[in-house]
A.B. asks: 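Dropping a structure here in structure tokens format, bear with me for questions.
Index from 1, following the sequence.
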Amino acid sequence: MEPQNQIFRDAIIDFLPDATLVIDIDGNVIAWNRAMEKLTGVPAKEMLGKGRYEYAVPFYGVQKPILANLIFMADAEIKERYDTVERIGDNLVVDIFVPGFRPGGAVLWAKASPLYDQDGNVVAAIETIRDITDRRRAAEDMARISRQMAEIIDFLPDATLVIDIEEKVIAWNRAMETLTGVPAKEMLGKGRYEYAVPFYGVQKPILANLIFMADAEIKERYDTVERIGDNLVVDIFVPGFRPGGAVLWAKASPLYDQDGNVVAAIETIRDITDRKRAEQEIVRSRRSLADIIDFLPDATFAIDREGIVITWNHEMEKLTGIPAASMIGRGDHEYSLPFYRDRRPMLANLVFIPDAELESLYTHVQREGNVLVVDTFIPGQEGRPGRFFWAKASPLYDPEGTVTGAIESIRDITERREMEGRLARSNAELQIAADIQMSFMPKVLPRIAGFDIAARAIMAKEVGGDFFDVIPFEIVALDKGTLGLLIADVSGKGVPAALFMALSRIVVRVNALWHPDPAQAIYDANNIIAGDAKSGMFVTLFFGRLREKDRTLTYVNAGHNPPVVFRSKTGVLEELPATGIILGAFENQDYFSRSLVIEPDDVVVMYTDGVTEAIDARDEPFGVPRLNAIIRENARLPAQGILDRILSDLHEFTGDTPQFDDITLLVIKGT
């Protein structure tokens with residue numbers, strides 16, 4: 001291998017996202033990439049050159065063969081000793097649980113392949129290991145880079161084929177075999193568009209063939225094809241590919257010789273019918289580092305040790321508006337001009353700075369091993385708004401471990417930051433509403449002889465408008481030993497509901513203190529609220545005046561859930577139905593007062609619909625019958641005990657189902 005290709009190969013392996021090692025024919029480690037360092041915690045310098053299975057110790061705690069060693073074993077020995085290993089062609093694949101690799105163990109996926117010399121002799125083995133314990137990286141099926149294009153393509157997770165200048169198939173990877181059901185041995189060497197038959201049922205040009213056509217002909221005959229640089233991209237519905245048809249995404253690119261002549265075309269096809277693979281942005285492996293970077297989904301560029309741009313990918317072209325041809329070969333921080341309008345170091349340049357100097361000069365830069373990461377805001381220029389960017393830079397090494405360059409990926413995260421800001425403001429608004437709501441709830445309930453009273457409000461995450469109030473009438477010239485009892489539910493959520501609740505509470509409280517008759521108090525309160533309810537909001541309300549001397553509760557029910565009355569002597573349950581409509585809908589509405597006597601041990605339970613409309617995991621509501629049963633079974637308890645039992649049974653009923661509405665209860669028990 002030429003030295004430059006060796007540098008590229010090792011740099012590529014070191015930049016791979018999956019943990020990768022290579023052992024030679026003697027079982028000695030000759031490559032141990034950064035992802036492997038991160039996965040095992042063992043630096044490459046401590047592992048390179050090691051043999052006698054020492055590379056197994058970070059995983060198993062002992063020296064034992066790993067999957068790469070099995071490449072050098074006979075099939076019979078592998079089948080006899082390692083029955084969990086699957087052979088797929090020359091490759092060995094295994095999923096294995098490693099108890100001691102992390103606390104609780106870990107499930108690792110590994111794949112090993114032989115590496116050949118020019119004479120076809122196996123000279124080494126490469127193994128890739130992926131921690132699939134939580135399946136977070138299950139969507140990544142990156143191709144393992146080797147010296148030959150056929151091996152690279154065969155590792156691609158997407159169905160891929162290559163046709164030469166004579167439009168004959170020279171590569172048909174495993175994923176293509178899986179997608180089409182046609183083995184590579186039956187397709188390699190075929191021409192005359194036979195490779196279209198598995199998709200269309202007839203011989204016709206596919207996207208790769210269009211690479212060899214003139215632009216004018218493509219525009220005239222294939223108006224659905226989009227050209228992006230040298231690449232052709234298309235989404236197409238293929239009716240006969242599967243029952244019901246399938247939507248396929250395809251991308252075709254030319255392949256060049258050293259003189260820049262097109263010698264072949266590569267096409268990748270992805271079944272995107274159900275969008276299961278829409279999140280995969282698989283890097284298309286090519287013959288050089290520049291080709292690989294050009295497929296990366298993030299804007300990416302690389303510089304050499306002198307700060308000269310050696311690659312500038314397509315996404316970077318889109319982000320900056322500057323074509324690669326205008327940037328490759330440029331130095332003197334020219335690549336910073338599209339971002340800062342000034343020549344200054346980028347994150348990739350900081351890779352070459354010693355740690356101490358980096359920490360003193362760039363405090364906002366984070367180091368993760370040899371990788372630098374930063375979130376930064378770049379002010380706008382010429383009337384354009386500023387943008388937030390995330391960037392990550394890593395060094396590139398030669399075989400001796402010397403840094404030869406740096407690679408940087410940049411992502412515009414402005415929309416994400418703006419969304420986070422909106423979310424923070426929304427959360428702050430909800431907290432304000434919750435504070436408003438809770439500030440109006442009585443901290444201590446006034447006492448009245450002959451009655452035991454308990455109340456509680458539990459707010460939902462999305463603030464609503466439930467409230468209760470206990471009004472001591474002793475502060476005005478009314479009967480002593482009288483309390484006003486109020487429970488209400490305002491329509492809507494958030495700050496508007498909380499403010500409307502505050503208005504309603506004040507209006508009702510003032511009128512309740514002014515008018516001895518609850519009906520007159522609610523009549524006047526409704527006129528005030530209806531006059532101010534411009535947004536269509538309303539409130540359901542139950543208001544009663546409880547008197548000590550004759551044990552009467554005189555009440556008005558303005559469209560609220562009917563409170564439940566349990567008569568201790570007879571065991572009968574009664575409801576206190578509406579005596580008027582909701583507040584805030586219309587002015588000058590009639591309201592009627594009714595009275596009942598609360599005997600010793602009688603129970604009155606007032607509640608909002610957050611109680612009866614709470615649902616369980618099956619969307620079944622808690623309901624009035626279930627509430628009535630709880631009241632009947634626990635009527636012997638004091639008021640607080642009855643309230644606590646209702647809430648306890650309600651919590652048990654809903655389980656982990658989120659609370660979508662406020663829950664408010666007010667319980668009166670005669671003593």
A.B. asks: Under the side-chain hydrogen bond (donor to acceptor under 3.5 Å, both in side chains) test against Arg411, which residue among Asp298, Asp375, Thr300 passes?
C.D. replies: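 Among Asp298, Asp375, Thr300, the one that satisfies the side-chain hydrogen bond (donor to acceptor under 3.5 Å, both in side chains) with Arg411 is Asp298.
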
A.B. asks: How far does CD1 of Ile126 sit from CD1 of Ile13, to the nearest 0.5 angstrom?
C.D. replies: 5.0 Å

A.B. asks: Could you pull out all residues at least two apart from Glu86 that satisfy side chain to side chain contact (heavy atoms under 4.5 Å, CB included)?
C.D. replies: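 Applying side chain to side chain contact (heavy atoms under 4.5 Å, CB included) to Glu86 gives Ile88.
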
A.B. asks: Side chain to side chain donor-acceptor pair (under 3.5 Å) between Arg387 and Thr414: does it pass, once the steps are laid out?
C.D. replies: CA-CA 6 Å; Arg387 308 290 291 177; Thr414 305; 3.2 Å; yes

A.B. asks: Just how far is it from atom CG of Asp95 to atom CG of Leu108, taken to the nearest 0.5 Å?
C.D. replies: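 Interatomic distance, Asp95 CG to Leu108 CG, rounded to 0.5 Å: 9.0 Å.
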
A.B. asks: Hey, what's the ring geometry for Phe377 with Phe388, parallel, tilted or perpendicular (30° and 60° as the breaks)?
C.D. replies: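 Plane angle between 30° and 60°, so tilted.
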
A.B. asks: Can you tell me if Asp271 and Thr273 form a side-chain donor-acceptor pair at under 3.5 Å?
C.D. replies: yes

A.B. asks: Using side-chain heavy atoms (C-beta onward) and a distance below 4.5 Å, is Met316 in contact with Ile410?
C.D. replies: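 They are in contact (side-chain heavy atoms under 4.5 Å apart), so the answer is yes.
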
A.B. asks: Taking the side chain from Asn173 and the backbone from Ile153, do they hold a donor-acceptor pair closer than 3.5 Å?
C.D. replies: yes

A.B. asks: Roughly how far, to the nearest 0.5 Å, is NZ of Lys38 from CG of Asn370?
C.D. replies: 12.0 Å

A.B. asks: Do Asn231 and Ser253 pair up side chain to side chain, a donor and an acceptor below 3.5 Å, judged on atom types alone?
C.D. replies: yes

A.B. asks: Output yes when a side-chain donor or acceptor of Arg341 lies under 3.5 Å from a complementary backbone atom of Leu337, and no otherwise.
C.D. replies: yes

A.B. asks: Is there a side chain to side chain donor-acceptor pair (under 3.5 Å) between Tyr55 and Asn28? Walk through the geometry before answering.
C.D. replies: CA-CA 9 Å; Tyr55 32 85; Asn28 296 322; over 6 Å; no

A.B. asks: What's the separation between atom NE2 in His333 and atom CZ in Arg344, rounded to the nearest 0.5 Å?
C.D. replies: 10.5 Å

